[in-house]
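Below is one structure, written out as structure tokens, with a few remarks after it.
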Amino acid sequence: MSTFSISRIGTYRDCPRQYKFAYIERPQVEFRDTVEAFLGSRVHEALEKLYRDKRHEKELSLDGLLEDFNKAWSENWAEKILIVRKDYTAENYRLMGERFLSDYYRRYAPFEEGRVIGLETRETVPLDDEGVYRLHVRIDRLVDMGEGLYEVHDYKTSSGLPGQEKLDQDVQLAAYSLWVRRRFKDFRRVRLVWHYLAFDKELDSWRTDEDLEKLRRELLKQIRTIEETTDFPPVVSILCEWCLYRSLCPMWRHEAETERLPENEYLSQPAVKLVDEYVRQKAAFDVFRREAEEKLGKLEQALIALCSQELQNEKVSVVVGSENRVTVKEVEQVKWPAKSTEGRDRLTAALKDLGLWDRVADLDPHALTRILKDETGLPSGGRDILESFLEKEKTYRLTVSKKS
Ligand code: SF4
């Protein structure tokens with residue numbers, strides 16, 4: 001039996017190499033909680049206690065809520081907690097937590113909407129009929145609103161606010177709803193609710209039974225893909241800054257190793273020397289290539305001009321040097337209207353009228369040219385219409401060969 005979490009699936013999606021470290025190789029690395037994760041945990045605990053007390057008919061005041069939060073903060077804080085954004089201190093984050101909770105408290109007190117039936121749940125739900133694949137379900141707060149309507153609430157302490165489109169495609173809370181649907185016989189609908197505490201905002205999205213079914217199949221497919229793959233490429237992104245395995249990762253390992261060296265030792269490392277020399281040579285080559293291309297361009301223009309003059313009278317298309325000859329051949333290049341031009345819009349309309357649109361999706365110029373060549377596939381008059389969009393441009397091809 002395989003039990004996956006949404007974050008495990010997300011790790012594979014974001015960086016397969018990180019997935020391999022975390023779930024397959026499991027190397028011993030020093031785990032350092034980030035201040036963002038620490039803040040999230042303390043806020044979640046405080047809100048869980050708020051609703052737990054409420055369930056036990058005990059009112060928790062705002063002062064009491066903040067007192068619980070601050071007590072847990074100081075009891076759990078450790079110097080090794082990582083603060084990636086160096087402009088801020090732990091105190092800044094603690095004050096943020098106080099603000100999140102104060103705003104939340106004032107907005108929702110006396111916390112009586114619906115019946116809370118789950119807090120920080122620890123469940124699993126099968127994704128297939130045989131129960132071979134299961135999913136962990138961690139709901140911050142599950143609320144029964146009556147008449148088959150359930151709400152899955154999630155607290156977010158992140159400093160980004162998603163758009164509605166992203167929420168409508170969110171997988172995490174929707175996946176947890178698979179458990180709600182299975183667990184409660186009267187289930188009819190589910191409302192997914194996110195509390196973006198940094199913005200004092202409540203955002204939501206709805207899922208139908210068909211949406212959930214589609215998601216179940218999709219998750220199953222993703223898990224099977226992960227289980228079958230043997231390829232775990234690293235994907236560099238902003239997430240690398242928080243990655244526990246950065247010092248082991250092939251994309252960062254050398255940098256991490258050399259960072260620790262004093263400058264003298266660092267600069268004399270063979271790999272560092274190699275990279276420096278490579279970059280120097282590449283820069284020199286780029287300058288040389290630019291200059292050579294410029295010179296060649298001028299020489300080509302001069303040869304073309306020479307032959308054009310001569311061509312009119314004596315049809316000269318080959319000129320000779322001391323050891324080589326250059327053949328100047330006129331070739332015709334065709335160009336279709338470029339993107340975002342009025343000509344392109346008219347061409348699109350013409351292709352649709354001619355019933356050719358499906359054959360040239362995205363207006364691939366090669367597909368268009370193939371259609372023109374294929375006489376039999378064109379409706380009558382089609383060639384003239386398409387050719388009216390063509391711009392013909394004369395260019396020259398120069399080839400060098402040894403004199404015999
Ligand atoms: S450091 Fe970046 S690329 Fe490497 S495993 Fe971690 S997330 Fe992936």
Side-chain angles (χ1 to χ4, degrees), residues 2-41 44 78-88 90 93 133 135-136 138 154-163 166-167 169-175 194 196 198 218-263 265-267 269-276 278-279 282:
S2 298
T3 306
F4 274 65
S5 63
I6 289 296
S7 70
R8 182 170 171 177
I9 297 169
T11 300
Y12 178 79
R13 186 198 54 224
D14 293 339
C15 176
R17 188 66 189 88
Q18 189 189 47
Y19 178 91
K20 192 176 183 196
F21 280 131
Y23 297 100
I24 300 173
E25 296 174 348
R26 300 171 192 266
Q28 288 289 323
V29 286
E30 190 198 358
F31 174 73
R32 288 183 74 185
D33 217 352
T34 61
V35 70
E36 288 86 357
F38 182 81
L39 169 65
S41 301
H44 275 75
E79 283 313 312
K80 68 172 191 170
I81 291 170
L82 192 64
I83 302 178
V84 174
R85 296 195 170 93
K86 299 295 173 213
D87 292 346
Y88 306 110
Y93 286 93
Y133 297 101
L135 195 73
H136 287 293
R138 304 276 181 268
D154 198 50
Y155 309 118
K156 296 284 186 203
T157 50
S158 52
S159 53
L161 200 56
K166 190 155 184 237
L167 296 176
Q169 288 166 5
D170 180 272
V171 169
Q172 186 183 25
L173 298 199
W194 292 267
Y196 275 84
E218 183 54 33
L219 288 170
L220 203 51
K221 197 168 135 202
Q222 286 176 10
I223 291 175
R224 286 183 173 137
T225 304
I226 294 172
E227 286 209 323
E228 281 164 18
T229 194
T230 52
D231 188 24
F232 298 93
V235 176
V236 173
S237 73
I238 183 79
L239 299 176
C240 296
E241 282 192 41
W242 288 270
C243 180
L244 281 179
Y245 310 100
R246 190 175 158 122
S247 61
L248 303 172
C249 172
M251 306 303 283
W252 298 99
R253 194 171 53 222
H254 187 245
E255 189 171 327
E257 279 167 10
T258 49
E259 252 170 18
R260 289 190 286 270
L261 299 174
E263 195 182 2
E265 227 175 288
Y266 168 80
L267 290 174
Q269 267 230 333
V272 173
K273 281 185 179 171
L274 212 56
V275 170
D276 289 351
Y278 175 77
V279 172
K282 191 163 181 328

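What you see is a predicted model, and the numbers here were worked out from it, not measured in a lab. Whatever order the structure lists ligands and atoms in, that order sets their numbers, starting from 1. Worth knowing before you read on, the calculation uses all heavy atoms, side chains too, and leaves out hydrogens, waters and symmetry mates. All residue numbers refer to positions in the sequence shown, counting from 1.
Ranking the protein heavy atoms by distance from atom 8 (Fe) of ligand 1 puts Cys15 SG, 2.3 Å first. Here the heavy atom of the protein found nearest to atom 3 (S) of ligand 1 is Val235 O, 3.5 Å.
The option with the heavy atom closest to atom 6 (Fe) of ligand 1, from among Cys240, Pro233, Cys243, is Cys243.
Contacts of Trp252 with ligand 1, taken as heavy-atom pairs under 4.0 Å, involve the side chain alone.
Close approach of ligand 1 to Gln18 (heavy-atom distance below 4.0 Å) involves ligand atoms 5 (S).
Under the 3.5 Å distance criterion, with hydrogens and angles disregarded, a donor-acceptor pair is assigned to the side chains of Ser2 and Glu227. Checking Arg8 against Tyr19 by side-chain atom types alone, a donor-acceptor pair falls below 3.5 Å.
Annotation: cation-pi pair Arg85/Tyr88 absent, no NZ/CZ under 6.0 Å from the ring centroid and within 45° of its normal.
Asp276 contributes no side-chain N or O that, together with a main-chain N or O of Val279, makes up a donor-acceptor pair within less than 3.5 Å.
Atom 4 (Fe) of ligand 1 has an N, O or S atom of Cys249 inside 2.8 Å of it.
Between the SG atom of Cys15 and the CG atom of Leu239 there is a distance of 8.5 Å, given to the nearest 0.5 Å.
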